[in-house]
Amino acid sequence: MHDPHELWTLLDRVVTWFGEPPHQARLAEALAAYQQRTGEFEAGRPCYEERVRLFHDWFLFDHVLPTGRVALAEYLREVGPGLAEEQRAVYRGLLAAGHRSLFEVDRSRAAHLRLLDRIGGAAFDLPAGVAPPGLATCDLLDARLLRPGDGEPILARGLLVHPRLAHEAILELVEVARGDAGGPPWELLDVLARMKLAWDRADNPRIPAIYGPGSYLYREFVRALPAPEATAPA
């Protein structure tokens with residue numbers, strides 16, 4: 001059951017279930033929340049399919065429903081009892097081991113694709129054949145790793161590739177954000193997604209204006225950071 005196509009079929013069933021009555025309101029509310037976080041996208045735009053895949057992954061694994069569970073866990077609770085144990089085991093495995101981050105591609109080894117987590121600091125080795133075509137060493141990806149069983153991790157379908165021209169600026173921004181946030185800046189991922197949307201829509205994109213610490217998107221990120229706790233006087 002580790003064939004990616006079978007995994008995508010199982011995950012598509014979950015999204016389809018939430019898209020039908022009486023659950024579709026949850027999906028619509030989640031889409032509105034996701035677009036507020038990462039930028040608005042409409043059908044017919046060049047980035048639409050890319051953004052929808054990212055949204056579905058976020059909805060399944062990250063978005064907490066009013067029940068207190070993410071969508072995949074809610075589906076497993078409500079529909080799981082009627083599924084085959086093999087399918088329930090796959091869903092449980094996907095819930096137990098997933099990781100979204102900003103990854104840098106290292107294709108220096110032919111047998112594996114190494115992804116360097118530029119926010120969390122870890123490194124992950126994937127079979128080279130699981131990578132989408134066109135990825136090159138030093139590409140920066142907003143991606144999610146899934147581990148459906150005890151084998152090697154695979155990339156989820158949602159994948160955002162940031163512009164190669166902005167490579168150094170993005171890595172520098174991550175370090176600035178690490179200092180401003182006082183730790184790994186996980187919330188920066190959604191800001192970077194908004195920056196990529198701004199880049200794609202600009203007639204003449206300028207790296208400092210979009211991916212620099214002086215950009216309005218980064219300033220919004222800093223304003224949203226929790227205020228540092230006051231130190232009690234000695």
Practice problem: Take Lys196 and Asp200, measure what salt bridge (Lys or Arg N to Asp or Glu O under 4.0 Å) needs, and give me the verdict at the end. | Solution: CA-CA 6 Å; Lys196 176 59 163 49; Asp200 289 339; 2.9 Å; yes
Quiz item: Where the side chain of Arg219 meets the backbone of Gly214, is there a donor-acceptor pair that is under 3.5 Å apart?
Solution: yes
Quiz item: Counting distance only, does the side-chain N/O of Arg88 pair as donor-acceptor with the main-chain N or O of Gly80 below 3.5 Å?
Solution: yes
Minimum heavy-atom separation for [X] to [Y], with atom names?
{"X": "Ala169", "Y": "Ile207", "answer": "CB-CG2, 3.4 Å"}
{"X": "Gly19", "Y": "Gln24", "answer": "O-CB, 3.6 Å"}
{"X": "Ala123", "Y": "Leu116", "answer": "CB-CD2, 3.9 Å"}
{"X": "Pro205", "Y": "Ile210", "answer": "CB-CD1, 3.9 Å"}
{"X": "Ser215", "Y": "Ala209", "answer": "CB-O, 3.1 Å"}
{"X": "Leu141", "Y": "Val161", "answer": "CD2-CG2, 3.7 Å"}

Mind checking the [atom1]-[atom2] spacing from [X] to [Y]? Nearest 0.5 Å is all I need.
{"X": "Leu192", "Y": "Tyr218", "atom1": "CG", "atom2": "OH", "answer": "10.0 Å"}
{"X": "Arg223", "Y": "Leu225", "atom1": "CZ", "atom2": "CG", "answer": "11.0 Å"}
{"X": "Leu189", "Y": "Thr38", "atom1": "CG", "atom2": "OG1", "answer": "11.5 Å"}
{"X": "Asp57", "Y": "Leu146", "atom1": "CG", "atom2": "CG", "answer": "7.0 Å"}
{"X": "Leu11", "Y": "Thr16", "atom1": "CG", "atom2": "OG1", "answer": "10.5 Å"}
{"X": "Arg114", "Y": "Thr137", "atom1": "CZ", "atom2": "OG1", "answer": "12.0 Å"}

Is [X] linked to [Y] within one hydrophobic cluster, defined over Ile, Leu, Val, Met, Phe, Trp and Tyr using a side-chain heavy-atom separation of less than 4.5 Å?
{"X": "Phe41", "Y": "Leu217", "answer": "no"}
{"X": "Trp186", "Y": "Phe55", "answer": "no"}
{"X": "Phe61", "Y": "Val79", "answer": "yes"}
{"X": "Val174", "Y": "Phe124", "answer": "no"}
{"X": "Leu95", "Y": "Trp17", "answer": "yes"}

I want to check something: taking the side chain as every heavy atom from C-beta on, are [X] and [Y] in contact at a cut-off of under 4.5 Å?
{"X": "Leu145", "Y": "Leu155", "result": "yes"}
{"X": "Asp190", "Y": "Arg194", "result": "no"}
{"X": "Glu74", "Y": "Arg26", "result": "yes"}
{"X": "Arg37", "Y": "His63", "result": "no"}
{"X": "Ile170", "Y": "Tyr211", "result": "yes"}
{"X": "Leu171", "Y": "Leu140", "result": "yes"}
{"X": "Arg118", "Y": "Ser101", "result": "no"}
{"X": "Tyr91", "Y": "Leu60", "result": "no"}

If you measure from the Lys or Arg side-chain nitrogens to the Asp or Glu carboxylate oxygens, is any gap between [X] and [Y] under 4.0 Å?
{"X": "Asp62", "Y": "Arg144", "value": "yes"}
{"X": "Glu175", "Y": "Arg178", "value": "yes"}
{"X": "Arg157", "Y": "Glu49", "value": "no"}
{"X": "Glu42", "Y": "Arg51", "value": "no"}

Quiz prompt | Chi angles and distances behind the side chain to side chain contact (heavy atoms under 4.5 Å, CB included) call for Glu78, Arg69 | solution = CA-CA 12 Å; Glu78 296 197 27; Arg69 289 177 287 269; 5.9 Å; no
Practice problem: Decide salt bridge (Lys or Arg N to Asp or Glu O under 4.0 Å) for Arg45 and Glu50; before the verdict, give the C-alpha distance in whole Å, the side-chain angles of both, and the deciding distance to 0.1 Å. | Solution: CA-CA 10 Å; Arg45 300 289 296 235; Glu50 170 190 83; over 6 Å; no
Near [X] [atom1], under 6.0 Å, is it more than 12 heavy atoms from other residues, nucleotides or ligands?
{"X": "Glu40", "atom1": "CD", "answer": "no"}
{"X": "Arg77", "atom1": "CZ", "answer": "yes"}
{"X": "Gln36", "atom1": "CD", "answer": "no"}

Quiz item: So Phe103 and His99, would you call those rings parallel, tilted or perpendicular, with 30° and 60° as cut-offs?
Solution: perpendicular
Exercise. Could you please spell out the steps behind the side chain to side chain contact (heavy atoms under 4.5 Å, CB included) verdict for Asp117 and Leu102?
Key: CA-CA 6 Å; Asp117 183 344; Leu102 178 72; 5.8 Å; no
Self-check item: Full working for side chain to side chain contact (heavy atoms under 4.5 Å, CB included) between Leu10 and Gln87
Solution: CA-CA 8 Å; Leu10 289 178; Gln87 292 184 358; 4.0 Å; yes
Exercise. Just do the side chain to side chain contact (heavy atoms under 4.5 Å, CB included) check on Val191 and Leu173 with the steps written out, would you?
Key: CA-CA 11 Å; Val191 180; Leu173 190 63; over 6 Å; no
Quiz item: Hey, which of Tyr75, Phe18, Tyr34 is the one that makes ring pair (Phe, Tyr, Trp, His ring centres under 6.0 Å) with Phe59?
Solution: Phe18
